[in-house]
Amino acid sequence: MNTDKTIDKAYEPHELEKHWYQTWEKSGYFAPSGKGEPYCIPLPPPNVTGSLHMGHGFGFTLVDVLIRYERMRGKNTLWQGGTDHAGIATQMVVERKLQLETKQSRHDLGREKFVDKIWEWKEESGGNISRQLRRMGASIDWERERFTMDEGMSHAVREVFIKLYEEGLIYRGKRLVNWDPVLLTAISDLEVTNEEEEGKLWHIRYPLADDASKHIIVATTRPETMLGDVAIAVHPDDERYQKLIGKQVKLPLTDRTIPIIADTYVDPLFGTGCVKITPAHDFNDYAVGERHKLTPINIFTPTAHINENAPEAYRGLERFVARKKIVADLEALELIDKIDKHKLKVPRGDRSQAVIEPYLTWQWYVKSKVLAEPAIRAVEKGDVRFIPENWNKTYFQWMNNIEDWCISRQLWWGHRIPVWYDESGKSYVGQDEADARKRNKLAADVKLTQDEDVLDTWFSSALWPFSTLGWPEKTPEFNTFFPTSTLVTGFDIIFFWVARMVMMSLKFTGKVPFKDVYITGLIRDSEGHKMSKSKGNVLDPIDLIDGISLDDLVAKRTYGLMQPAMAQKIEKTTRKEFPEGIPSFGTDALRFTFCSVASYTREIRFDVNRLGGYRNFCNKLWNAARYVMMNVGTTLDPDFRRDDTIASSSDDTIASSSRRKPGSSELSLPDRWILSRLQRTIQEAHKQLAVYRFDLFAQTIYDFIWNEYCDWYLELSKPILTTVNYSQEMQRGTRYTLVTVLENILRLLHPIMPFITEDIWQRIAPLAGVKGKTIMLQPYPEVIKDKINDEAEAELEWLKSIIVAVRTIRSEMNIPPGKQLPVLLRKGNDKDKKYLSAHQHSLQTLAKLESINWLKADETPPPAATAFVGELEIYIPFSGFIIKEEETARLNREIGKLDKELTALKTKLGNAQFVDRAPAEVVAKERARLDDIEATLVKLRSQMRALQNAAEPSRPAAG
RNA sequence: GGGUGCUUAGCUCAGCUGGUAGAGCAACGCCCUUACAAGGCGUGGGUCGGGGGUUCGAUCCCCUCAGCACCCA
């Protein structure tokens with residue numbers, strides 16, 4: 001391998017990506033221009049817990065595409081970036097780190113020191129995240145980067161809390177919450193996941209108080225909570241238990257008796273139709289307890305151990321240990337009727353995976369129904385628009401059934417609740433203690449203590465679109481950029497985040513937070529599984545950019561697992577999926593891949609193989625640019641100006657161009673064609689991006705670059721530039737078009753592939769007469785309508801079809817691509833003749849023809865391979881390379897295909913219903929097609945006959 | 001239990017307001033043609049999950065069944 005040359009020839013992303021990002025950032029190109037219509041996207045702030053994953057890479061790439069596009073379109077564009085403190089997640093990470101490194105718990109350290117530790121971690125981790133974002137090419141305005149616990153953000157959080165409190169929309173209540181007995185905090189409904197697990201249904205006998213020989217049987221999935229039972233409930237209409245309602249039963253293992261009550265909540269068909277009521281430990285029971293004015297008995301400590309409210313025998317036992325002992329004791333007393341297998345939904349904390357305990361505590365809540373109403377209307381009215389549209393159903397469903405939001409968390413990391421209590425427990429709110437005193441006119445000697453808890457992380461996230469812009473101050477940024485334009489996020493956080501932003505924003509700014517919400521799919525692995533550390537199937541976007549060896553990848557995936565036993569399995573599947581590790585693809589290829597998978601579907605199986613194709617695409621573009629530079633020269637032709645209108649001629653003959661003035665240019669057919677195709681591409685690109693079809697946007701540009709510009713236009717430019725058959729004017733026109741279209745392509749593609757386009761543009765722009773420091777701030781291509789040229793497109797299609805026809809014959813006959821062939825033409829209409837005389841040279845070059853000769857219309861062609869393009873007949877006479885059998889077989893295949901279609905068409909057109917009822921144009925189209933096929937078949941069949949009569953030609957004397 | 005998606009070529013996916021299907025990758029054949037072998041030029045491959053309905057005509061609209069996935073309770 002000739003390394004020196006290939007390095008020069010090949011596209012090498014790394015250096016260029018690093019170089020250009022630094023240049024952009026240093027030059028301040030990411031900041032809003034201050035001119036034009038405002039356009040703003042708030043970055044969904046990644047958690048400072050760690051590093052960016054594929055989902056981030058995906059979403060942020062799409063945002064960057066939008067941002068770069070709108071910036072180039074001249075809008076005053078702001079990508080507002082930052083990170084989220086992510087209360088529980090971050091606290092857990094740092095706690096674990098502390099435990100590993102110093103064997104200390106956060107309690108050993110104390111609140112203040114522990115929070116300091118987290119801040120240290122935040123600096124490190126936040127830095128990591130912004131490094132990764134930079135590698136991705138994200139054009140975030142770093143000057144304006146925010147963190148949800150910045151002073152400004154915190155001020156906004158307290159402001160919102162105070163206002164809601166003062167309006168009675170925030171209240172403190174003692175009620176059941178989802179309690180995480182491992183993390184020792186309440187969590188919201190949304191943070192609980194319910195998964196079906198194998199469990200048991202215990203049937204327990206509760207003896208009647210007045211007659212211990214009789215008993216009532218209760219079915220339960222949680223026998224240990226019986227120690228907190230306050231009643232047995234039956235359905236009021238359940239005939240089996242009518243007589244027992246109002247009686248007392250003896251609660252086994254305790255010395256308490258409890259009543260039998262009637263409540264419609266009970267499902268008579270489930271279990272025995274009798275339900276134990278444990279208001280302190282079950283959400284439904286709590287409601288029943290309230291209805292019947294029963295006092296809940298809490299039997300658990302915060303860590304879910306049995307507390308002093310239970311009989312001494314069980315105190316101090318962990319809940320599942322207690323369950324075993326209780327069941328054993330009941331069995332000993334012969335109070336277990338039976339034990340059935342039973343599937344049940346087990347609630348687990350989404351962070352800790354601990355089984356969640358419904359637990360009676362004091363917590364702060366936001367009244368949600370009032371806030372939800374305007375938020376529902378905003379989407380109904382279309383002030384906020386979901387894309388794809390059907391996500392609004394999901395949104396409505398949640399919003400219409402919204403429950404109050406538990407916002408307090410028993411954590412140390414987060415926004416401390418701005419509430420102070422006096423010694424009687426009365427609460428006062430304020431920005432700080434002094435403010436709380438002032439607001440409530442409290443004397444200096446009133447002792448106040450602040451609430452120990454912090455707010456749910458999503459409370460501050462809900463303010464993100466406006467708090468980052470300086471709210472509650474009336475900053476210029478807020479006035480300019482709010483409401484923001486678009487939010488790009490995954491459907492997994494519609495409830496957590498999107499809905500709450502809409503609610504809070506309407507409440508506090510009176511405006512929606514954003515107009516469009518583009519909901520992305522979720523990135524999954526190639527098997528369709530969710531990517532997660534514990535499954536060991538995560539991919540780091542940076543590893544796709546830089547590449548990673550198999551061993552490093554295995555090490556990375558198996559490091560620090562919660563379940564080390566998984567390591568072996570993970571290693572095995574990793575080695576199988578990536579036997580060679582992952583090669584380096586560069587950022588641009590990764591970004592293009594992300595765009596190309598961004599359709600409206602909700603699950604995206606990420607296939608690393610696609611990256612290779614798009615890296616190749618980079619290489620293609622790179623080499624196309626090399627070709628252009630080789631042919632255009634290194635200095636600007638003074639006649640070239642961007643989007644210059646250059647005289648066009650209707651044909652490419654040398655004669656017609658001699659009329660031009662010296663120094664002027666003339667556009668050839670390929671020039672006019674590619675300029676026209678460029679316009680259509682630009683049009684389509686705008687159209688697709690307007691509806692957030694990043695996949696079609698990317699595909700449109702890809703197709704144009706590869707299949708039209710490279711495959712056809714560059715090839716067609718070769719004969720013009722390299723032979724003397726063409727005038728200088730025309731060569732100049734071709735050079736102009738080469739460089740102009742390339743310059744347009746680069747701008748078109750820049751939002752997706754910012755690095756390679758900038759790198760090439762820097763060299764191309766001067767040759768195209770374009771001035772500017774960076775492609776980033778160049779105008780995005782707009783359609784120039786009068787360059788759309790239907791005639792040129794039709795004419796070039798004609799040329800292509802002739803070339804393709806010859807190539808197909810050549811390929812099907814296994815004739816080497818380089819072998820020059822003689823071609824005979826027959827019949828054809830005036831247009832065929834005119835086009836042919838104009839483009840003979842191009843045709844000859846691209847189809848590799850030795851000669852082109854016309855036969856008279858009535859002349860019998862020699863034995864030959866044949867193709868028909870409209871009325872034109874193409875013959876490639878038999879030679880050593882073309883043999884009768886192959887051509888016979890080929891013709892047969894062709895006839896077979898057309899015959900089948902003909903039959904179908906005939907039946908269709910023979911159907912009176914179709915002819916009568918279908919639109920005339922559809923019928924006419926089918927008729928034309930029928931005629932076309934029939935004509936072709938006649939020709940093919942006659943060719944077949946001719947072939948059968950022909951003798952095998954003698955091999956040419958010289959090969 | 002309620003809801004939302006998905007099922008199209010070997011794989012991953014497009015398919016606009018209904019007019020009998022496309023791309024990329026993979027496969028196969030021929031080529032190292034002076035931008036690119038990370039390439040060029042061609043080729044093969046699909047009863048569009050099953051059934052029913054509406055329609056002249058259904059991958060597309062409606063119903064139903066099956067499988068898969070997710071969300072809410």
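Every chain is numbered from 1 and lettered A, B, ... according to where its sequence line falls, protein lines coming before strand lines. As the structure is a computational prediction, the values presented were derived from the model and not from experiment.
Side-chain nitrogen and oxygen atoms of A/Ser811 include none within less than 4.0 Å of the OP1 or OP2 phosphate oxygen of B/rC41. In this model, the phosphate group of B/rG15 is approached by a side-chain N or O of A/Arg693 to a distance below 4.0 Å at OP1 or OP2. A/Arg602 has no side-chain polar atom (N or O) that falls below the 4.0 Å cut-off from OP1 or OP2 of B/rG5. Regarding contacts with the backbone of B/rG42, a side-chain N or O of A/Arg807 is found under 4.0 angstrom from either OP1 or OP2. Here A/Thr601 reaches the OP1 or OP2 of B/rA14: one of its side-chain N or O atoms lies under 4.0 Å away. Taking only side-chain nitrogens and oxygens, A/Lys530 never comes nearer than 4.0 Å to OP1 or OP2 of B/rA69.
Rounded to whole Å, the distance from NZ on A/Lys620 to P on B/rG40 is 4 Å. Distance A/Arg610 CZ to B/rC11 P: 15 Å, rounded to the nearest Å. Between A/Arg893 atom CZ and B/rG45 atom C1' the separation is 14 Å, expressed in whole Å. If you take CH2 of A/Trp706 and P of B/rA37, they are 11 Å apart, rounded to a whole angstrom. Put simply, CG on A/Asn616 is 4 Å from C1' on B/rA38, counting in whole angstrom units. Following rounding to the nearest Å, A/Leu714 (CG) and B/rG40 (P) show an atom-to-atom distance of 11 Å. Computed from coordinates, the A/Met399 CE to B/rC71 C1' distance equals 16 Å when rounded to whole Å. When the C1' atom of B/rC70 is taken as reference, atom CD1 of A/Ile493 falls 16 Å away, rounded to whole Å.
Remark: the separation of the P atoms in B/rA9 and B/rG50 is 11 Å, to the nearest Å. Taking atom C1' on both B/rA35 and B/rC30, the two are 22 Å apart, rounded to the nearest angstrom. Look at the C1' atom in both B/rA38 and B/rU64: the space between them is 50 Å, to the nearest Å. Taking atom C1' on both B/rG46 and B/rU8, the two are 8 Å apart, rounded to the nearest angstrom. With both ends at atom C1', the span from B/rG18 to B/rC13 equals 22 Å, rounded to whole Å. Of the C1' atoms belonging to B/rU47 and B/rU59, the separation is 12 Å, rounded to the nearest Å. Between B/rG19 and B/rC60, the distance separating the two P atoms is 11 Å to the nearest Å.
Ring geometry for A/Tyr518 against A/Tyr692 counts as parallel: the plane angle stays under 30°, on a 0 to 90° scale with 60° as the upper cut. The aromatic rings of A/Tyr702 and A/Tyr614 sit perpendicular to each other, their planes meeting at more than 60°, with 30° as the lower class boundary.
The pair A/Lys718-A/Glu715 meets the salt-bridge criterion, since a charged nitrogen lies less than 4.0 angstrom from a carboxylate oxygen.
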Once pairs are restricted to Watson-Crick or G-U wobble with both distances under 3.5 Å, how does RNA chain B read as a dot-bracket string, [ ] for crossings and | for other-strand pairs?
(((((((..((((.....[..)))).(((((.......))))).....(((((..]....)))))))))))).
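In the interface, the side chain of A/Glu403 is not paired with the base of B/rA73 through any donor and acceptor atom under 3.5 Å apart. Not a single donor-acceptor pair, N or O on each side, falls under 3.5 Å between the base of B/rG42 and the side chain of A/Thr808.
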